[in-house]
Every structure is written in C-alpha cells, then in structure tokens.
Amino acid sequence: MKSTPFYGNIIPLAYIEQTVNPTNRYPHIFRPLNIGATTFRHRIMVTGHTQLYGENGTLSERHIDYYRERAKGGAALLVLEQQAAHPAGRNYHAGCGAWDTSVVPWYKRLAEAVHEHECKILAQLFCAGAQGSSTQYFDDWQPLWAASRIPSAVTEEMPVAMDQANIDELVQYFARCADNVRQAGLDGIEVHAAHSQLLGEFLSPAFNKRKDQYGGSIENRCRIILEIGSAIRDVVGPDILLGLRLSFDEYLGPIGITPEQSEQQIEIFSASGLFDFFDISGGGYHNLHVAVAPMGTVPEGFLVDCARRAKKVAGDRAKIFIVGRFLELSKAEDVLSAGDADMVAMTRAHMSDPFIVAKSAEGREDEVTRCVGANVCVSRLISNREVTCMQNPAMGREKLWGAGTLDTLSAGQQRHISIVGGGPAGLRFAATAASRGHHVRIFEARAELGGRMYELASLPTREGWQTAIDNLVRPLKRLGVEPNCKTTITANNIDGDIIVCATGSSWDRSGYSPYRPERLEIPGANLPFVVDLGHAIKRAVADKTALGQHVLILDETGEYHPLGLAELLSASGVKVEIITPRPFIGAETQRTMDLPHVMPRLKAAGVKITAQHFVERIEHRIAIIYDIWGGEPYPINDIDTIVLGMTRSPDDALYRQLVAEGRTALKIGDVITPRPIEAIIYEAEKFARSI
Ligand SMILES: Cc1cc2nc3c(=O)[nH]c(=O)nc-3n(C[C@H](O)[C@H](O)[C@H](O)COP(=O)(O)O)c2cc1C
Ligand code: SF4
C-alpha cells in the first residue's frame, strides 16, 4: 500500500482549489498571468538551474521525473536547465545541447509531463562563453567562444574572441534550437544573457572590449541578442514565449553592467518588440556568491529593487520575473502586491521542497522543508556532480523516493524501533520510519536536537542550520513522536525490536593529519590547553573569552566551523590565528559560496590566516610551525588555547556493546563513518525505507 510521505504531499492543485481558496491567503500570487497566448495559473515560478542529470548530451529520465515532481507540486512555470545552443558553448560534463533534432522527443516528453499538471515550461538557451571548458567533451575539444579575449576567473581559460562568421553561425544555431523547442511543444524560450556567460559578456563593458558593431555603445553590445531574438522569432512566430535572462547589476561598479545600463538595455530590448519577459537576476561567475547567495548573507528578495526599476522601463511591453532567495510565498505575495514584478521565482526553495506551492496554498506552510542556503546544491554543480539538496535526498531521485513512493506497513509488520541520537541521521530515520507505520522512539543525550547541525547553528550567520533542524523535527511532531532529550542511553536502559545507533561522531584530539601519514599524533597534542573543535565551539558559545585572549586554530577540514569559531572569538577582541596545510583555507566553503562572504569579515576582525603551514609539535603555550614546502620551523608563543579542527571518529561504543550482547542493532550516519550531512540524510532515508 502506498501513502503520501510527510515531506511531499501529492495533492493536485485542482483539489486544493476545490477545498481551500488560496486566493484568500495569497490573492496576488493566485491570479492568472497572461503573456501573449500563454496563461500561467499563478505567479510562482522556478528559474533555470542545472541538475547535471544529462546523458549523451541531452536530457534523461531523471530530468523528466525531476520536472514532473515540481509541476505536480504546484509551480506555475519551470525553466529547463540551461541548454547549450552551440557545441562551443557547453560547460559541464553532463550538460545538454539543444541544436540537434535528437532533443525533440525528450523535450516533447518533458512538455507532456509538465503540462499534465497545468504547469508551463520554457527551454533556457545559452552559451557558456569564457565560463565553459574547451576540453570537457572528450571527442569534441574546441576553443571557447567569447565576446573578447578575457579569461574567466573561475575556469581561467583564454577564449577566442568571436569573429563575424562565428556570430552568424551562433545566431543560426539559436534558430535551430528554437525550432526544436517549437516542434516539441515547449511553451517558449528564455535566452540566457545573465551571469557573465557568453551573451552576458557581450552586454558587459567589463567583458566586451570589441571595437566592431558588437562592442562599445550599449546599442552595439545589445546587437547580438537582438539578432538572436529576431532569428528565433522568425522560426517560432509570435505564439510561443520568448524572454531574456539578465543580470541587472553585475556588482562590478561602473566597469560592469550597472542598474542604469540595464535600464537602457531593457529599453532597447523592449522597443524591439521581440521579447515577452525579462527574468531579472544579478552578478556573474566572478561573484556567484551573490547570484546564488548562501545562508546568512542577503535578505529574502534582495533583488526586488532591480525588478521595480526594470518594470518601470518595460512598462506594458514585457513582463518582469524576479528571483533572489525567496523562501516563502508571503514574501512573494508582498512583491506582487506592490506591483514590483509579474512573477516571483523560488528556485532553491523548490529543490528543497517541490511541493512548497501546494502546501502553502493549503495553509500547510509548517510542512514545507524550507531551503536553508547550505548551498550543497551549487557546491555539487561546481564539482561537476549530479545536483541534489542537502535536506531533500529525493531531489534527482524522484522515481525512487518522490511523492507517493513510501510504502506503509500492513498490520503485523510494524516494529518497535528505538533510535539513539537526535542528529540529522536519527531525526531523518525516525520520521521516515514513523511515516511508514513503525513505532518509533528517539533519544538524545543533549538538551538540544540537531547534533552536528546544532554545533553549526551556534556560529555567527549560521542560523539557517537551526531551520534545518526544525525542518527535521516538525514532521516527527506531526507524527506524534516526541523526542526525548537530556536522556543518556546505555545498553542497559534501552529496548526495542531494533535499536538504531545514530550517535554521531566526535572531533579527534590526537591531531592525526593525512598530510603527515608517518605519525599518529601531533607531539604535545595531549597538553591541557589543546582542545578539539567541537568542545572549543561549545565553550566559546557559552563564554566568548573562555578560550583566553590568544587562540590558534589548526584547520584541516576546509569546512565552515573553524571560520565561524574565529569570527565568534574575534568579535570579542580575542586574537585568533588559523593555520592550514591546505593550499588555502575553507575549500568546502568556497564551493558553497560562503568563503567570499566570511573572509572579508575575518580580515576586518584581524584574524590571521596562514595556508600551507602546519604544526611540528606543541609545547606549553607554544606551537612550532613549519612551511610545508620547507624552511626553518618557527614558534608561535603565548597561546592560551590551541584548537584542533582535524579528523572525526565515530561514537560507536553503544553499537559495539549491543552487538557484543547479540542484540539487534543498526548503525547509521557518522557511526558508520563521518561524512557530509547530505550523505547522512540520504543514508537515513535509505535505511528507514528498507526496514
Ligand atoms: C544548482 C544550481 C544550478 C543553477 N543553474 C542555473 C542555470 O542553469 N541557469 C541559470 O540561469 N541560473 C542557474 N542557477 C541560478 C538560479 O536560476 C537562481 O538564479 C538562483 O538559484 C537564485 O535563486 P534562489 O535564491 O531562488 O535559489 C543555478 C542555481 C543553482 C543553485
Ligand atoms: S542544498 Fe541547501 S541551498 Fe541548496 S536547495 Fe538544499 S537547502 Fe537550499
């Protein structure tokens, strides 16, 4: 028997409309929007976001399932992940191209899957420009095309400046792609001219240094897009939608695209009569941390001023879509009611919970798994791996774990399950097992739930992690499972048909480093002024001076914890130094886009950061440091506390004891081995579905 899982209700919007009236709650959202011949049933959309589920250069079954789920969940418009318009414009390994007719059957299936749920879908056509990779496709290496010979700060590749023949070819390729889109029955096309990819480069004075008719004046910089728009219109006619995605502000000051320049561009594009909408974004590859802002950095709807200005220029000649960290329908409602935009995009919000619209429309906002800005999604994209959400392991696995896939148990199959540990593994396992009908109890030794997430939530700007904990706890409460906190469990006071050990892991105290495999510990790491990262954070949160006035953090994690601890301490005047043997500090936080936000704050607070250095030994209040490439070691003196941010080890004592006693025990999460939180939540879901 199938049931609706707690995190993804499949109630169709038609049903919602009959039972409750969402127009009362969000009157400006639940108003149809007409653009040309197309009617959108309401005003919440999802902008293009690359999932990397492609196979053989085009879409896959995984894509169809992914978009169908979000259509089912109530979105009015989905923009398909960027589709390269030309072979020179591809970037990611599993990226898709749109120029070959082989895409038509895929697009057709996609359109059918989405239309079945009264949702519209547009293809986003793009070229990566300097942001591509010339050696990505093994049998088709070719130079990158760009507006000018300016390399990307991300890929660091020198592109070719396109000549007239290249430009003419590109325009023709866009037209070919458009014909494929038209034949397949998608609802339209968004030409991607944002985020300093190829067409964004043409628009930007920072990346377009051309002296011909495509460079110099704003009119000239817009020319290639007008030629593309015109070629597309010739193919698709007036009846399917055509829009442009633009970075309204490149955040480069007067050297890049400024809001004032964008107003002029939008005037030119509106006057052309080619475009039905402008989809307003901001930033580029040089500052992706703004375009895809992580937790604790920008306010919800931070680009609304841009939309308001764009709308004023476009008037009734084109509609304005806006994006930018929208997390709740209520904020979107405010924007729409003020008339600042015609549609609001909630993109990561739909990765985290595809049913956010349906649930909110029904007044079940407390059932939404709210996006917290952890940016595991974009970090996976940057690592060229399939994109998924840290909180939603069903993202990209809709066929397996999407709405309606959870089996409930028949009478007699239910077990009494005791879960020890209220971190991400225990909480997720508990909710899924309870949803299936098991009798679940969960125990946590600390007063607070969340485990490792709670540690993170206590650091400056990391409140989003508390939201992630709340997202895990709310379903449990709805299922009538009340977590037992402040309850220490041993093998003697626990029972149940199955005991699930989700007791997590602890930071190591030995100082073992994979960079020094010949030694098992740092000499002197056992001195009393040396503490591990977990205890250091706990003590500093309780009392910011508890670690003294001079703290040295040794970081091998590349994660946020050491940076957050440094920020917490330095804000209270503590002198903080961080040393890492890695090439630079915070590699993980660079991928999640946190690094460019936190580093200036640390610099301003006087935190000293030294990369490619490590510790030879520790003496009383002294660390002997060395440059990993050679040279004489030197001391750092008068240290009050040394913090070890090194490896973690499983807290598996309970599991081992239960197994020794021959009892039925299961270990999950860090108890198996410490891993990223998304891997832990995935595993908890997998195991809880299998028992
Ligand atoms: C994993 C990921 C992939 C993205 N890929 C694209 C893309 O293919 N095309 C595009 O225009 N924007 C892309 N974006 C940017 C989003 O469209 C959107 O502008 C951004 O996520 C901010 O919106 P949000 O705060 O609602 O998530 C991507 C964002 C993420 C997180
Ligand atoms: S990984 Fe984080 S930022 Fe990305 S969708 Fe999930 S919760 Fe949001």
Side-chain angles (χ1 to χ4, degrees), residues 44-54 66 75 78-84 90-92 94-96 122-128 131 190-197 199-200 243-248 279-285 288-303 321-328 331-332 344-354 356 368-396 453 464-465 467-468 471-472 591-594 676-678 681-682:
I44 299 292
M45 64 174 289
V46 179
T47 52
H49 55 288
T50 304
Q51 294 100 44
L52 299 184
Y53 303 153
Y66 178 77
L78 303 171
V79 180
L80 174 59
E81 78 169 50
Q82 56 190 17
Q83 308 284 293
R90 295 173 290 187
N91 46 3
Y92 297 105
C96 304
L122 309 178
Q124 185 184 61
L125 300 182
F126 92 115
C127 270
Q131 319 303 340
E190 176 177 274
V191 173
H192 192 352
H195 306 161
S196 61
Q197 306 214 42
L199 299 180
L244 268 185
R245 190 159 211 212
L246 296 168
S247 283
F248 199 80
D279 180 0
I280 303 297
S281 184
Y285 266 59
L288 273 178
H289 62 286
V290 180
V292 196
M295 74 169 70
T297 55
V298 298
E300 204 173 339
F302 71 105
L303 291 171
F321 303 166
I322 186 62
V323 75
R325 204 74 202 106
F326 284 97
L327 300 172
E328 291 179 2
K331 184 73 188 173
V344 174
M346 304 180 71
T347 302
R348 280 170 292 172
H350 273 86
M351 298 187 206
S352 174
D353 192 333
I356 182 168
V368 172
T369 302
R370 287 185 59 185
C371 168
V372 299
N375 268 359
V376 166
C377 48
V378 77
S379 135
R380 288 190 57 87
L381 175 69
I382 288 168
S383 314
N384 231 338
R385 286 180 286 173
E386 296 91 337
V387 172
T388 190
C389 168
M390 181 268 296
Q391 301 188 95
N392 177 16
M395 179 183 169
M453 290 173 155
W465 286 104
T467 307
N471 283 337
L472 286 165
R591 287 187 278 273
T592 58
M593 314 282 161
D594 285 301
I677 293 173
E678 62 272 21
I681 292 180
Y682 163 87

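Being a predicted model, the structure only gives us computed values, none of them experimental. Atoms within each ligand, like the ligands themselves, are counted from 1 in listed order.
Here the side chain of T592 pairs no donor or acceptor atom with the backbone of V376 at under 3.5 angstrom. With hydrogens and angles disregarded, a donor-acceptor distance shorter than 3.5 Å links the side chain of N375 to the backbone of V292. Side-chain atoms of S247 come within 3.5 Å of backbone atoms of H195 as a donor-acceptor pair (strictly under, hydrogens ignored). Side chain of Y92 to main chain of I382: no donor-acceptor pair is present (N/O by atom type, distance under 3.5 Å, no hydrogens or angles). Using modelled atom types, no side-chain atom of T369 and backbone atom of N471 make a donor-acceptor pair closer than 3.5 Å. Between the side chain of Q124 and the backbone N or O of L122, no donor-acceptor pair lies under 3.5 Å. Between the side chain of Q131 and the backbone N or O of S196 there is at least one donor-acceptor pair closer than 3.5 Å.
Atom CD1 of residue I44 and atom CE of residue M346 lie 5.5 Å apart, to the nearest 0.5 angstrom. The CZ atom of R348 sits 8.0 Å away from atom CG of L327, with the distance rounded to the nearest 0.5 Å.
Every atom of ligand 1 with a heavy atom of A291 under 4.0 Å away is listed here by number and element: 20 (C), 22 (C). Atom numbering of ligand 1 starts at 1 in the shown order; those under 4.0 Å from a heavy atom of H192 are 9 (N), 10 (C), 11 (O). Of all atoms in ligand 1, listed by their number and element, those nearer than 4.0 Å to a heavy atom of T47 are 16 (C), 17 (O), 18 (C), 19 (O). For ligand 1, the atoms closer than 4.0 angstrom to any heavy atom of V292 are 31 (C).
Contacts with ligand 1 closer than 4.0 Å are made by no heavy atom of R380, backbone or side chain. Contacts between M351 and ligand 1, counted as non-hydrogen atom pairs separated by less than 4.0 Å, involve the side chain only. The proximity of L381 to ligand 1, defined as any non-hydrogen pair under 4.0 Å, is limited to the side chain. Neither the backbone nor the side chain of A194 has a heavy atom within less than 4.0 Å of ligand 1.
Nearest protein heavy-atom contact of atom 26 (O) of ligand 1 is T347 N, 2.9 Å. Of all protein heavy atoms, the one lying nearest to atom 14 (N) of ligand 1 is G48 O, 3.5 Å. Protein heavy atom at the shortest distance from atom 23 (O) of ligand 1 is V323 CG2, 3.1 Å. Regarding atom 28 (C) of ligand 1, its nearest protein heavy-atom neighbour is H49 CB, 3.8 Å. The nearest protein atom to atom 27 (O) of ligand 1, hydrogens excluded, is given as R348 NE, 2.7 Å; this is a heavy-atom distance. Protein heavy atom closest to atom 8 (O) of ligand 1, with residue, atom name and distance, is T50 OG1, 2.6 Å. In terms of protein heavy atoms, atom 11 (O) of ligand 1 is closest to R245 NH1, 2.7 Å. Of the protein's non-hydrogen atoms, Q124 OE1, 2.9 Å is the one closest to atom 9 (N) of ligand 1.
When all heavy atoms are compared, the tightest approach of N392 to P354 is ND2-CD, 3.9 Å.
For E328, the salt bridge (Lys or Arg N to Asp or Glu O under 4.0 Å) test picks out R370, with sequence neighbours left out.
Residue contacts with ligand 1 leave out Q51, since none of its heavy atoms falls under 4.0 Å from the ligand.
Excluding waters, the set of protein N, O or S atoms lying under 2.8 Å from atom 6 (Fe) of ligand 2 comprises C389 SG.
For the pair V290 and V298, the minimum side-chain heavy-atom distance is 4.5 Å or more.
Using cut-offs of 30° and 60° on the angle between ring planes, the pair F126 and H192 is tilted.
Of the candidates E190, Q197, R245, Q197 is the only one forming a side chain to side chain donor-acceptor pair (under 3.5 Å) with Q82.
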